[in-house]
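First up is the structure itself, then whatever we jot down about it.
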2 protein chains.
Amino acid sequence: MISKEALKKIFPNWEEGLYDAVLNEAELKEAKAGTALLKMGQNIKSAMLVVEGTVKLYQEGEEGGEFFMYHLNPGEACAVTLVCNFHHEQSQVLAKAMTDIKYLAIPIEFMEKWLNEFKSWHYFVIKTYRSRYEELLKTIHETAFKNMDERLAFYIERQVHQFGNTVKLTHQEIANDLNTSREVISRLLKKMENNGWIIMNRNSFDWIKK
Amino acid sequence: MISKEALKKIFPNWEEGLYDAVLNEAELKEAKAGTALLKMGQNIKSAMLVVEGTVKLYQEGEEGGEFFMYHLNPGEACAVTLVCNFHHEQSQVLAKAMTDIKYLAIPIEFMEKWLNEFKSWHYFVIKTYRSRYEELLKTIHETAFKNMDERLAFYIERQVHQFGNTVKLTHQEIANDLNTSREVISRLLKKMENNGWIIMNRNSFDWIKK
DNA sequence: CTTATTGGGTGATATTTATCACAATGACGG
DNA sequence: CCGTCATTGTGATAAATATCACCCAATAAG
């Protein structure tokens, strides 16, 4: 399990009792990069709090497409898993480990209980929903108003913000995340290279804009 | 002001004290159809709870475009106004009265206070964020995976769900909401008419599909 | 009744994105 | 060093959407 000190660093400002509750009830799980942690339509049986690594949240299309929405980092939680106990609903999102990750899985029966017991849990849930809502707004803004070139730039900037200036993603992976085709991404990246925004290598490129 | 009984009907399951607090602190406001209640970038000074009528929530593009996200009905609240006091942030959305409306405006200084005092307010905030988050997911799903014909059908279905089978919107208004042009909507509606999904009149049409 | 305005129809054309087909090149296991 | 596979480049073409330029019809206003 994880130490209380480590937990406090990753999830600050909780009540003492909440840390104990988490240490008692949560299971610390690991997953390899690429694993699907939560699939669309799947019944949710536990809340997910990220401890280490990065998770990507997607929307899935009925014909198999994926659409990237936002990242989850340590200290953040998957909003959809936090309150679903109210309704015993199915997941509306796909969560994928982007790197090797560690996360806390908390059985959903504690969600309502803790809302009653711990004020800091209540705040945590609200903060989580609020921040995820804002990420969705950004995502909507991009897809509603921007063309693929700008969307790609925005996507890369998010990626750079997470992992630094060297982007280690194949054109195909980017295309999947943006729900377009590889050719489109290849051509747009070539343009960016010509504009001096990136330096391309095989299997990666560097973002050098601004 | 509004009576306590009416308030209870519209916002069920609150604590007694919360109803009193709202009656004491909120201002009951009215607005004509079409009014912008909250503009993007505007500083939020009060929370908005819908009492009567329908509000439309938009994302605004920098070049003036609008993009419809979802409706707010009586008993629902504008999520972004509920927690912004934490940060004194600016609105990321545009809220427009779709019909003549009545709503409760609660100064944001009470938001944090009530979170501490009323458990039912806490639940209300979480429920609000959760439902808005889910609406955003649906919206993203449509824009990410669907072509304009399907998006239009989805849009009309939402409209029908709100106001019944007769849709009293001009092609231009629909085009604005979907961030496309009138010609596109006109042509797609014509197709729907040919498919027997709608019956068109001037200034309105009837949804008769299924 | 006449005119002005608004809502809607339609062809032509441009732009953006998707799809198909295939070539080239680097990485890696044997 | 060779062959295979994953990755990227690129032309040709199709489909979806945007834009422009008008016209026409219904309604409102005088």
Side-chain angles (χ1 to χ4, degrees), chain A residues 33-34 61-68 139-156 159 166-195 197-207, chain B residues 33-34 61-68 139-156 159 166-195 197-207:
Chain A
E62 25 278 308
E63 297 103 28
E66 289 174 8
F67 182 79
F68 170 73
T139 302
I140 286 184
H141 195 268
E142 292 302 306
T143 54
F145 299 115
K146 309 277 181 78
N147 286 347
M148 204 43 98
D149 52 349
E150 295 184 87
R151 288 177 51 198
L152 175 57
F154 180 73
Y155 176 86
I156 295 174
Q159 186 70 21
T166 299
V167 177
K168 287 181 284 274
L169 293 168
T170 67
H171 300 183
Q172 186 63 62
E173 288 173 310
I174 297 172
N176 290 343
D177 282 3
L178 294 174
N179 196 43
T180 179
S181 61
R182 182 197 55 82
E183 296 93 314
V184 172
I185 298 300
S186 288
R187 289 192 243 258
L188 289 176
L189 284 177
K190 184 119 300 238
K191 258 191 209 165
M192 289 186 174
E193 190 178 35
N194 292 336
N195 293 344
W197 297 7
I198 61 174
I199 296 172
M200 298 195 50
N201 315 297
R202 195 178 180 81
N203 290 333
S204 80
F205 58 87
D206 295 288
W207 183 249
Chain B
E62 25 277 308
E63 298 103 28
E66 289 173 8
F67 183 80
F68 171 72
T139 302
I140 286 184
H141 195 268
E142 291 303 305
T143 55
F145 299 114
K146 307 279 182 73
N147 286 346
M148 201 45 94
D149 53 349
E150 294 183 88
R151 288 177 51 198
L152 176 57
F154 181 73
Y155 176 86
I156 295 175
Q159 185 71 21
T166 299
V167 177
K168 287 179 284 272
L169 293 167
T170 66
H171 299 184
Q172 187 63 62
E173 288 173 310
I174 298 173
N176 291 342
D177 282 2
L178 294 175
N179 195 45
T180 180
S181 60
R182 182 195 54 83
E183 295 93 316
V184 172
I185 298 300
S186 288
R187 290 193 243 257
L188 290 176
L189 283 177
K190 185 120 300 240
K191 256 192 211 166
M192 289 187 174
E193 189 177 37
N194 291 338
N195 293 343
W197 297 6
I198 61 175
I199 295 173
M200 298 193 52
N201 314 297
R202 194 181 178 81
N203 293 335
S204 79
F205 58 88
D206 295 287
W207 183 249

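Letters go in sequence order (proteins before strands), and every chain restarts at 1.
Rounded to an integer number of Å, the gap from CE of B:Met148 to P of C:dT17 is 13 Å. Computed from coordinates, the B:Asn179 CG to D:dT17 C1' distance equals 12 Å when rounded to whole Å.
For B:Glu193, the salt bridge (charged side-chain N to carboxylate O under 4.0 Å, His left out) partners at least two apart in sequence or on another chain are B:Lys190. For A:Thr166, the side-chain hydrogen bond (donor to acceptor under 3.5 Å, both in side chains) partners at least two apart in sequence or on another chain are A:Asp206. Among residues two or more places apart in sequence or in another chain, the ring pair (Phe, Tyr, Trp, His ring centres under 6.0 Å) test is passed with A:Tyr155 by A:Phe68. For B:His141, the ring pair (Phe, Tyr, Trp, His ring centres under 6.0 Å) partners at least two apart in sequence or on another chain are B:Phe145. With sequence neighbours left out, A:Thr180 forms a side chain to side chain contact (heavy atoms under 4.5 Å, CB included) with A:Met148, A:Ala175, A:Leu178, A:Val184, A:Ile185. Residues that satisfy the salt bridge (charged side-chain N to carboxylate O under 4.0 Å, His left out) test with B:Lys146, not counting sequence neighbours, are B:Glu142. B:Glu183 meets the salt bridge (charged side-chain N to carboxylate O under 4.0 Å, His left out) test with no other residue; sequence neighbours excluded.
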Open item on the list: How would you summarise protein contacts on nucleotides 7-12 of chain D per nucleotide, using B for base, S for sugar-phosphate only and - for none, with heavy-atom distances below 4.0 Å?
Closed with: BBBBBB

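Remark: side-chain polar atoms of A:Asn179 are paired, donor with acceptor, to backbone N or O of B:Ala144 under 3.5 angstrom.
Between the two ends of the helix from C:dC1-D:dG30 to C:dG30-D:dC1, each summarised by a five-pair axis, the helix axis turns through 30° (rounded to 10 degrees).
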